[in-house]
Peer 1: 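The structure is given below, and queries will be raised subsequently.
Chain naming here is simple, since letters A, B, ... match the order of the sequence lines and numbering starts at 1 in each.
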Amino acid sequence: MLKIHNTLARAKQDFVPMEPGKVRMYVCGMTVYDYCHLGHARVLVVFDMIVRWLKAEGFDVTYVRNITDIDDKIIKRAAENGEPIDALTGRFIAAMDQDAAALGVVKPDFEPRATQYVPQMIAMIQALIDKGLAYVAGKAPKGVSGSSRIENPDEAGSDVCYSVHDFAGYGKLSGKSLDDLRAGERVEVADGKRDPLDFVLWKSAKPGEPAWDSPWGPGRPGWHIECSAMGDDLLGERFDIHGGGADLQFPHHENEIAQSEGVHGHQHVNYWIHNGFVRVDNEKMSKSLGNFFTIREVLEKYDPEVVRFFILRAHYRSPLNYSDQHLDDAKGALTRLYTALKNVPPSPLTPPPPGGEGDQSSLSRRRGRDGEGEIDWNNPFAAAFKAAMDDDFATPEAIAALFDLASEVNRTNDPERAGLLRALGGVLGLLQRDPVDFLQGGAEEGGFTLENIEQLIADRVAAKKAKNYAEADRIRKELSDAGIILEDTPQGTVWRRA
RNA sequence: GGCGCGAUAGCAAAGCGGUUAUGCAGAGGACUGCAAAUCCUUCCAGGGCGGUUCGACUCCGCCUCGCGCCUCCA
């Protein structure tokens, strides 16, 4: 039985989908005005892992990950660049797709963009107004002081705000009460808000800003409403899982609940999943702190699979400290797994013994990889892996099972066990490459070409044959100084990068 | 100030009320012309103070320290 830590319950719960065999999941994606950093990489990889595991469990998964392609920061950045907004967002969506693909992230079933859902958002805002949960904040800005606001009310649109105290459940996701929030008041009192905690559903446009027509004049949607509208449209008024970074818990997801449940009058999401932050020097990696590393920066130095492995080696809810040392560490660990697969070429999986009906799940029917066979989940290593994954996606423990299996592979030289290792790695989106490619890949240091290396190895073999060990060792040293390690095996000399 | 999370060996990171987590690093051994890889053995743990218990790293309380959210943020 799969257990999921549900933020709403602040506890692990048995996962029971609304519709047997089906999972509908929504994850908050990126605001596309800059390159993705490692924090974004974590969301991408973590929820990709979750989708893969749900599928491995036999669920039919519908996965939605949205793209925020209109907001204040996008408008600002486009203006700075002197670039049309859709050019800017198009550029960074393409970059995000590249980064995600490099990290082995499978495309979601839907990637809706906020700008494609403005009519739905307007309808939802209207419904909230009709229900008395939202109000038009008025045209005239309070305390006008030479602002750039439009002075003629006939041309200006109005803001629409959500009236937080009219929604009874406000705070249930983040565990905050309205009183607590007010006690720690840090919210700017915007023009026209009845309560400082009220948030904007519709933002009136200033001259020159992109705008959509609405019953409240030209403007654009507030941030939170897009997720309510897109989730509704693609997954229904109520769905199984909603995910995102822990920083979205409040206010974004709290506000999303207020909107969706406000409109529909019933529960919006059954399981909320929030992943922990990536940190640098023990601090959250974030745009505002400026301490971020973009995915592409990191990929210049590290193999993308190492980065994926690095992310999966920590539990998704734990903080993940980023540093070169940690990446190097991850690389070394992944090298051990690939080394086992290099030394013992995996054979295709054989079907599990027939009649193992005690296994109730559909897992045993799952294809291992490319139709090459099936994982036998009754195998002790596979069972340990599954138990870990079923316990709130405990990838560190699942990966530990992989290492145990790798030791077994090394000990027994059993191609079937190697096949299982590769198949289990595949469930996490790992270990699918030719091991030699992985081991020889990476930074091209030392200026040695493939031909150079092959030639030096041939020279060394000749020297060895002539029992000229001094020359053989000199060549070994020359290559090792360039980060290339030689291994003399019964099958001949092979090399890999350090 | 309010709310929440965490503290594990040299580094990283898990589970678990009593039995080796795991990876890297270290030590010894096997193997090797030398190495590497691999295997075997092994050193190094659970912030502090109390409590519960036959027994706590694991449960409870307090303290200290760190982090996060309360403002845009994955």
Side-chain angles (χ1 to χ4, degrees), chain A residues 7 10 27-31 36-47 65 68 71-73 76 171 174-177 179-188 197 223 243-252 254 274-279 282-289 292 309-310 313-315 317-321 323 325-337 339-340 342-344 384 387-388 391 394-404 406-407 409-413 439 464 467-470 472-473 476-477 480 485-489 493-496 498:
Chain A
T7 309
R10 273 161 273 277
V27 170
C28 287
M30 262 45 87
T31 301
C36 292
H37 64 232
L38 237 37
H40 302 117
R42 192 174 193 189
V43 183
L44 255 14
V45 169
V46 160
F47 288 100
R65 192 184 65 220
T68 301
D71 95 319
D72 290 0
K73 277 174 298 199
K76 183 163 171 260
S174 52
K176 298 175 189 303
S177 72
D179 287 344
D180 292 342
L181 287 166
R182 291 206 175 88
E185 193 74 65
R186 278 163 59 183
V187 186
E188 259 180 72
L197 297 174
W223 174 37
D247 43 4
L248 298 187
Q249 192 177 327
F250 189 92
H252 183 56
E254 195 69 63
H274 292 96
N275 66 275
F277 300 127
V278 176
R279 295 185 189 170
N282 239 29
E283 262 189 338
K284 177 185 172 185
M285 178 184 289
S286 74
K287 294 266 166 121
S288 38
L289 285 171
F292 60 90
F309 182 82
F310 164 70
R313 210 152 71 115
H315 185 86
R317 283 189 283 114
S318 302
L320 177 62
N321 270 306
S323 74
Q325 193 209 323
H326 296 154
L327 266 297
D328 289 339
D329 214 50
K331 181 186 175 184
L334 190 55
T335 295
R336 177 169 165 81
L337 295 178
T339 300
K342 186 204 73 180
N343 293 340
V344 185
D391 184 12
T395 52
E397 214 185 324
I399 288 172
L402 256 34
F403 282 102
D404 290 339
S407 292
V409 167
N410 289 328
R411 214 173 292 134
T412 60
N413 287 311
L439 296 169
K464 270 177 58 175
K467 301 230 188 280
N468 183 355
Y469 291 122
D473 288 348
R476 179 194 288 292
K477 176 83 162 50
S480 102
I485 295 167
L486 297 186
E487 298 178 14
D488 294 332
T489 76
T493 300
V494 297
W495 65 277
R496 64 187 172 89

Peer 1: Would you mind reading off the distance between K176(A) atom NZ and G4(B) atom C1', rounded to a whole angstrom?
Peer 2: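 After rounding, the reported distance stands at 7 Å.
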Peer 1: Give one of base, sugar-phosphate or nothing for D328(A), where a contact means two heavy atoms less than 4.0 Å apart.
Peer 2: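 The residue D328(A) makes no contact with any strand.
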Peer 1: How is the base pairing of RNA chain B summarised as a dot-bracket string, given the Watson-Crick and G-U wobble criteria with both distances under 3.5 Å, [ ] for crossing and | for another strand?
Peer 2: (((((((..(((.....[...))).(((((.......)))))....(((((..]....))))))))))))....
Peer 1: Of the candidate nucleotides C34(B), C69(B), G15(B), which contains the atom at the shortest distance from the side chain of E397(A)?
Peer 2: G15(B)
Peer 1: Restricting to side-chain contact (heavy atoms from CB on, under 4.5 Å), what partner residues turn up for R476(A), sequence neighbours left out?
Peer 2: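 Result, side-chain contact (heavy atoms from CB on, under 4.5 Å) vs R476(A): R460(A), L486(A), D488(A).
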Peer 1: How many Å lie between CG on L327(A) and P on C24(B), as a whole number?
Peer 2: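 Between P of C24(B) and CG of L327(A): 17 Å.
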Peer 1: I want to check something: taking the side chain as every heavy atom from C-beta on, are L320(A) and H326(A) in contact at a cut-off of under 4.5 Å?
Peer 2: no
Peer 1: Taking only residues two or more places apart in sequence, or in another chain, which ones meet K73(A) in a salt bridge (Lys or Arg N to Asp or Glu O under 4.0 Å)?
Peer 2: none
Peer 1: Take the protein atom NZ of K342(A) and the nucleotide atom C1' of A37(B), then report the distance between them rounded to whole Å.
Peer 2: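 That distance rounds to 6 Å.
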Peer 1: Over how many whole Å does the gap from F403(A) atom CZ to U38(B) atom C1' extend?
Peer 2: 15 Å
Peer 1: For L289(A) and for A246(A), locate the closest nucleotide of RNA chain B by heavy-atom distance; then report the residue assigned to the nucleotide nearer the 5' terminus.
Peer 2: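 In this pair, the answer is L289(A).
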Peer 1: Does D473(A) get its side chain close enough to the base of G33(B), under 3.5 Å, for a donor-acceptor pair?
Peer 2: yes
Peer 1: Using a heavy-atom cut-off of 4.0 Å across all strands, would you classify K464(A) as base, sugar-phosphate, or nothing?
Peer 2: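 Base, at least one base atom sits under 4.0 Å.
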Peer 1: Between the protein and nucleotides 39-45 of chain B, are there any N/O to N/O pairs under 3.5 Å, and if so, what are the atom names and distances?
Peer 2:
{"unit_1": "C39(B)", "atom_1": "OP1", "unit_2": "R336(A)", "atom_2": "NH2", "d": "3.4"}
{"unit_1": "C39(B)", "atom_1": "OP1", "unit_2": "N410(A)", "atom_2": "ND2", "d": "3.3"}
{"unit_1": "C40(B)", "atom_1": "OP1", "unit_2": "R411(A)", "atom_2": "NE", "d": "3.0"}
{"unit_1": "C40(B)", "atom_1": "OP1", "unit_2": "R411(A)", "atom_2": "NH2", "d": "3.4"}

Peer 1: Mind checking salt bridge (Lys or Arg N to Asp or Glu O under 4.0 Å) for K176(A) and listing every partner two or more places apart, or none if nothing turns up?
Peer 2: none
Peer 1: Starting at atom CZ of R10(A), determine the distance to atom P of G68(B), rounded to an integer number of angstrom.
Peer 2: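 From R10(A) CZ to G68(B) P: 20 Å.
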Peer 1: Within the 4.0 Å heavy-atom criterion, would you say A333(A) contacts the bases, only the backbone, or no part of the nucleic acid?
Peer 2: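 It contacts sugar-phosphate atoms only.
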Peer 1: Applying a 4.0 Å non-hydrogen cut-off, can you work out what V278(A) is touching in the nucleic acid: base, sugar-phosphate, or nothing?
Peer 2: base
Peer 1: Salt bridge (Lys or Arg N to Asp or Glu O under 4.0 Å) with D72(A): which residues, sequence neighbours excluded?
Peer 2: K203(A), R220(A)
Peer 1: For S318(A), which residues count as a side-chain hydrogen bond (donor to acceptor under 3.5 Å, both in side chains) partner, sequence neighbours excluded?
Peer 2: none
Peer 1: Looking at K331(A), I'd like to know whether one of its side-chain N or O atoms comes within less than 4.0 Å of OP1 or OP2 on G23(B).
Peer 2: no
Peer 1: Tabulate atom names and distances for all N/O pairs under 3.5 angstrom spanning the protein and nucleotides 7-13 of chain B.
Peer 2:
{"unit_1": "C11(B)", "atom_1": "O2'", "unit_2": "Q325(A)", "atom_2": "NE2", "d": "2.7"}

Peer 1: Using 30° and 60° as the class limits, which term best fits the ring planes of F403(A) and F309(A): parallel, tilted or perpendicular?
Peer 2: perpendicular
Peer 1: For L486(A) and A37(B), give me the distance from atom CG to atom C1', rounded to whole Å.
Peer 2: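 Computing the L486(A):CG to A37(B):C1' distance gives 12 Å.
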Peer 1: If you measure from the P atom in U8(B) to the same atom in G47(B), how many Å do you get, rounded?
Peer 2: 7 Å
Peer 1: What's the closest nucleotide to the side chain of T339(A) if the choices are A37(B), G68(B), A74(B)?
Peer 2: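 Side chain of T339(A) sits closest to A37(B).
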Peer 1: Of the candidate nucleotides A74(B), A35(B), C70(B), which contains the atom at the shortest distance from the side chain of K284(A)?
Peer 2: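 Selected nucleotide (nearest to the side chain): A74(B).
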Peer 1: What is the distance from CG of N343(A) to C1' of A36(B), rounded to the nearest Å?
Peer 2: 11 Å
Peer 1: Using the side-chain hydrogen bond (donor to acceptor under 3.5 Å, both in side chains) criterion, which residues pair with S480(A)? Sequence neighbours excluded.
Peer 2: none
Peer 1: Base, sugar-phosphate, or nothing: which does G276(A) touch, judged by heavy atoms less than 4.0 Å apart?
Peer 2: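 Answer is base: heavy atoms of G276(A) come under 4.0 Å of a base.
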Peer 1: For the base of A35(B), is there a side-chain donor-acceptor partner from R476(A) under 3.5 Å away?
Peer 2: yes
Peer 1: Mind checking if F250(A) touches a base, just sugar-phosphate, or nothing, with heavy atoms under 4.0 Å?
Peer 2: sugar-phosphate
Peer 1: By nearest heavy atom, map A400(A) and T489(A) onto RNA chain B; which one lands nearer the 5' end?
Peer 2: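 Its nearest nucleotide lies further toward 5', so the answer is A400(A).
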Peer 1: Could you pull out all residues at least two apart from R65(A) that satisfy side-chain hydrogen bond (donor to acceptor under 3.5 Å, both in side chains)?
Peer 2: E111(A)
Peer 1: Between U22(B) and U41(B), how far apart are the P atoms? Round to whole Å, please.
Peer 2: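 Those two atoms are separated by 11 Å.
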Peer 1: Rounding to a whole Å, what distance do you find between E283(A):CD and C69(B):P?
Peer 2: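 My rounded result for the distance is 10 Å.
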Peer 1: Checking R279(A) now: which residues fulfil salt bridge (Lys or Arg N to Asp or Glu O under 4.0 Å) with it, not counting sequence neighbours?
Peer 2: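 Once residues adjacent in sequence are excluded, R279(A) has no partner under the salt bridge (Lys or Arg N to Asp or Glu O under 4.0 Å) criterion.
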Peer 1: Which distance, rounded to the nearest 0.5 Å, do you find between the NE2 of H315(A) and the OG1 of T395(A)?
Peer 2: 7.0 Å
Peer 1: Who pairs with D328(A) by side-chain hydrogen bond (donor to acceptor under 3.5 Å, both in side chains), at least two apart in sequence or on another chain?
Peer 2: Y302(A)
Peer 1: So, is G46(B) syn or anti if syn means the angle is within 90° of 0?
Peer 2: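 Syn, since the glycosidic angle lies within 90° of 0.
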Peer 1: Could you check whether G39(A) gets within reach of a base, just the sugar-phosphate, or nothing at all, counting any heavy atom under 4.0 Å?
Peer 2: base
Peer 1: With the side chain counted from C-beta on, respond yes when M285(A) and R42(A) share a heavy-atom pair under 4.5 Å apart, and no when they do not.
Peer 2: no
Peer 1: With hydrogens left out and only the distance checked, is there a donor-acceptor pair under 3.5 Å joining D488(A)'s side chain and the base of C34(B)?
Peer 2: yes
Peer 1: Heavy atoms from C-beta onward define the side chain here; which of A74(B), G33(B), A36(B) lies closest to that of E487(A)?
Peer 2: A36(B)
Peer 1: May I ask you to say what R317(A) touches in the nucleic acid, namely base, sugar-phosphate or nothing, with a heavy-atom cut-off under 4.0 Å?
Peer 2: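 The answer is nothing, as R317(A) stays clear of every strand by at least 4.0 Å.
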Peer 1: Taking the side chain from E397(A) and the backbone from A388(A), do they hold a donor-acceptor pair closer than 3.5 Å?
Peer 2: no
